[in-house]
*Asks:* 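Have a look at this one before I ask anything.
Not measured: the values here are computed from a predicted model.
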Amino acid sequence: MTTKPAASEVLQLLEESREYARYLDELGVETTSPTTGQQEFSSAPCSASAASAPARLKEEEFSTRAQPAIVSPAPPAAGVSAVASAEAPLRDSLFGELFPATPALSKSSESLEEIWRDIGDCTRCGLCEGRTQVVNTHGNHKARLMFVGEAPGADEDAQGKPFVGRAGQLLTKIIEAIGLKREEVLIGNVNRCRPPGNRQPTLEEAAICRPFLFREIAAVHPEVIVVMGNTAVRNLLETREGITRIRGKFQDFRGIKVMPTFHPAYLLRDPSKKRETWEDLKKVRDYLDSLPGKSPSS
């Protein structure tokens, strides 16, 4: 009598396992630790140092090139009520319960510098043990467009800026392809410290760090956020859906439009996905262009 429900659970687990495997492949992960997803906090302060504070890619060049963890809810960002109204519609959580829909994000009065001072020479999780420096969000403090990835890599850890390695160079070309300059947008990550071996941040590591990202979003209040890769998607949108299922479709983050797309590192591994990414970014460009009296670079 329990055969069908049991079979359904097995099929669901297999599907989730396949999705996670696709996610790891997207990141280029070849091995995983058995402790991934478990608590990896460090109780002792870390001695890491404090954070230190292209050629144009034509549209046709980018568009015609060959075509690559569920997270626990974080505290509300600054400017967001901690409790939704009783009349607010209900939404499914990651774990199937129903919670009031999160209210729209209000623009906060914080500056990015104030948020970064609060982060400081962070020792809130075990990632501080292996990093060189904290890598904060970088770019235009009044940007209309924001890009969010997973975590810093080796180049970012060394230079103290997000997306400066090979994946970052490709991201710069993508930004230029939609008629913008890198300095006109805002670029950051869910986590600010490089995980060992560029592994996926654990649930706890992401949950500790992402509230600072939410505060930055509230401070800048961009009109569109481009989330790149599964980790960014799942931490910002709190969804089970993988990037391959929802990319190219505008989502919502507390009243701000979100476009999920592939991570540039994935595009380096599988150039065949560049065309799909280009289609996603054209939608972002067209949306920004459609707003009254504004253009993406205004």
*Asks:* Sort out for me which residue in T261, V258, T277 forms a side chain to side chain contact (heavy atoms under 4.5 Å, CB included) with V226.
*Replies:* T261
*Asks:* Start with the C-alpha distance between E279 and K282, add both sets of side-chain angles, then the distance that settles salt bridge (charged side-chain N to carboxylate O under 4.0 Å, His left out), and finish with yes or no.
*Replies:* CA-CA 5 Å; E279 294 302 323; K282 283 198 297 185; 3.3 Å; yes
*Asks:* Let me confirm one number: the NE2-OG distance from H221 to S106, rounded to the nearest 0.5 Å.
*Replies:*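 Between atom NE2 of H221 and atom OG of S106 there are 6.5 Å.
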*Asks:* Any side-chain heavy-atom pair from C193 and V135 closer than 4.5 angstrom?
*Replies:*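 Side-chain contact under 4.5 Å: no.
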*Asks:* K257 versus L288: any side-chain heavy-atom pair under 4.5 Å?
*Replies:* no
*Asks:* Heavy atoms, side chains only, cut-off 4.5 Å: are F253 and I217 in contact?
*Replies:* yes
*Asks:* Suppose the criterion is ring pair (Phe, Tyr, Trp, His ring centres under 6.0 Å): which pairs have a residue in residues 158-177, not counting sequence neighbours?
*Replies:*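 The answer is F163-H263.
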*Asks:* What's the separation between atom CG in L268 and atom NZ in K274, rounded to the nearest 0.5 Å?
*Replies:*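 L268 atom CG to K274 atom NZ measures 6.5 Å (nearest 0.5 Å).
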*Asks:* Which residues satisfy the side chain to side chain contact (heavy atoms under 4.5 Å, CB included) test with D118, sequence neighbours excluded?
*Replies:* R124, F212, R215
*Asks:* Are any side-chain N or O atoms of K107 and backbone N or O atoms of A219, one a donor and one an acceptor, separated by less than 3.5 Å?
*Replies:*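 At least one qualifying donor-acceptor pair exists.
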*Asks:* Judged by atom type as modelled, is there a donor-acceptor pair below 3.5 Å linking the side chain of E205 to the main-chain atoms of G126?
*Replies:* no
*Asks:* Measure the spacing between CD of E156 and NZ of K161 and express it to the nearest 0.5 Å.
*Replies:*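 Rounded to the nearest 0.5 Å, the CD-NZ separation comes to 12.0 Å.
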*Asks:* Measure the CD-CE distance between E223 and M146 for me, rounded to the nearest 0.5 Å.
*Replies:* 14.0 Å
*Asks:* Does any part of the side chain of T137, heavy atoms only, come nearer than 4.5 Å to the side chain of I115, both counted from C-beta?
*Replies:* no
*Asks:* Could you please spell out the steps behind the salt bridge (charged side-chain N to carboxylate O under 4.0 Å, His left out) verdict for E276 and K273?
*Replies:* CA-CA 5 Å; E276 293 172 55; K273 300 300 183 184; 3.5 Å; yes
*Asks:* I'd like to check the side chain to side chain contact (heavy atoms under 4.5 Å, CB included) partners of K249; sequence neighbours left out, ordered by chain and number.
*Replies:*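 With sequence neighbours excluded, K249 shows a side chain to side chain contact (heavy atoms under 4.5 Å, CB included) to Q251, given in chain and number order.
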*Asks:* Out of N189, N198, N230, T231, which one pairs with E150 under the side-chain hydrogen bond (donor to acceptor under 3.5 Å, both in side chains) rule?
*Replies:*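 Answer to the side-chain hydrogen bond (donor to acceptor under 3.5 Å, both in side chains) test with E150 among N189, N198, N230, T231: T231.
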*Asks:* Would M259 and Y287 satisfy side chain to side chain contact (heavy atoms under 4.5 Å, CB included), going step by step from the backbone distance to the final call?
*Replies:* CA-CA 11 Å; M259 174 58 73; Y287 172 73; over 6 Å; no
*Asks:* Taking only residues two or more places apart in sequence or in another chain, which ones pass side chain to side chain contact (heavy atoms under 4.5 Å, CB included) with V220?
*Replies:*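 Partners of V220 under the side chain to side chain contact (heavy atoms under 4.5 Å, CB included) test: L112, L186, P222.
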*Asks:* Whether D155 and R194 form a salt bridge (side-chain N of Lys/Arg under 4.0 Å from carboxylate O of Asp/Glu) is what I want to check.
*Replies:*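 A salt bridge is absent here (no side-chain N lies under 4.0 Å from a carboxylate O).
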*Asks:* For the pair N191 (side chain) and P201 (backbone), establish whether a donor and an acceptor sit closer than 3.5 Å, ignoring hydrogens and angles.
*Replies:*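 It does not hold such a pair.
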*Asks:* With sequence neighbours excluded, tell me which residues meet salt bridge (charged side-chain N to carboxylate O under 4.0 Å, His left out) with E216.
*Replies:*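 In terms of salt bridge (charged side-chain N to carboxylate O under 4.0 Å, His left out), with neighbours along the sequence ignored, E216 is linked to R192.
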*Asks:* Do L170 and V227 belong together in a cluster built from hydrophobic side chains that touch within less than 4.5 Å?
*Replies:* yes
*Asks:* Side chains of V148 and V190: does their closest heavy-atom pair fall under 4.5 Å?
*Replies:* yes
*Asks:* Kindly state each residue pair satisfying ring pair (Phe, Tyr, Trp, His ring centres under 6.0 Å) with at least one member in residues 129-153, sequence neighbours excluded.
*Replies:* W116-H141
*Asks:* Using the side chain to side chain contact (heavy atoms under 4.5 Å, CB included) rule, take N235 and L213 through it: C-alpha gap first, then chi angles, then the decisive distance, then the call.
*Replies:* CA-CA 10 Å; N235 276 281; L213 173 66; over 6 Å; no
*Asks:* Between F214 and L105, is there a side-chain heavy-atom distance shorter than 4.5 Å?
*Replies:*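 They are not in side-chain contact.
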*Asks:* Looking at side-chain heavy atoms only, is the closest gap between L291 and R144 below 4.5 Å?
*Replies:* yes
*Asks:* Nearest heavy-atom pair of E241 and I246: which atoms, and what distance?
*Replies:* CB-CG2, 3.6 Å
*Asks:* Any ring pair (Phe, Tyr, Trp, His ring centres under 6.0 Å) pairs touching residues 171-204, not counting sequence neighbours?
*Replies:* none
*Asks:* Kindly indicate, with the supporting measurements, whether the criterion side chain to side chain contact (heavy atoms under 4.5 Å, CB included) is fulfilled by R285 and L281.
*Replies:* CA-CA 6 Å; R285 179 195 63 189; L281 269 294; over 6 Å; no
*Asks:* Who passes salt bridge (charged side-chain N to carboxylate O under 4.0 Å, His left out) against D280, sequence neighbours left out?
*Replies:*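 R247.
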*Asks:* Would T239 and V233 count as a side chain to side chain contact (heavy atoms under 4.5 Å, CB included) if you check the C-alpha gap in whole Å, the side-chain angles of each, and the deciding distance to 0.1 Å?
*Replies:* CA-CA 7 Å; T239 177; V233 165; 3.8 Å; yes
*Asks:* Got a second to check how far I119's CD1 is from C209's SG, nearest 0.5 Å?
*Replies:*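 Going from CD1 on I119 over to SG on C209, the span is 6.5 Å.
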*Asks:* I need the minimum non-hydrogen distance between P162 and I187, along with the two atoms involved.
*Replies:* CG-O, 3.3 Å
*Asks:* Within the side chain of K283, is there an N or O that forms a donor-acceptor pair under 3.5 Å with the backbone of G248?
*Replies:*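 Here the side-chain-to-backbone pair exists.
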*Asks:* Taking atom CD of Q133 and atom CG of D157, what is their separation to the nearest 0.5 Å?
*Replies:*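 Separation between the atoms: 6.5 Å.
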*Asks:* Is any side-chain heavy atom of P264 closer than 4.5 Å to a side-chain heavy atom of M228?
*Replies:*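 Heavy-atom side-chain distance check passes, below 4.5 Å.
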*Asks:* Can you list everything that forms a side chain to side chain contact (heavy atoms under 4.5 Å, CB included) with E114? Sequence neighbours excluded, please.
*Replies:* E110, S111, R117
*Asks:* Assigning hydrophobic clusters by single linkage (Ile, Leu, Val, Met, Phe, Trp, Tyr; side-chain heavy-atom cutoff under 4.5 Å), is V164 placed with V134?
*Replies:*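 No, V164 does not connect to V134 through the hydrophobic network.
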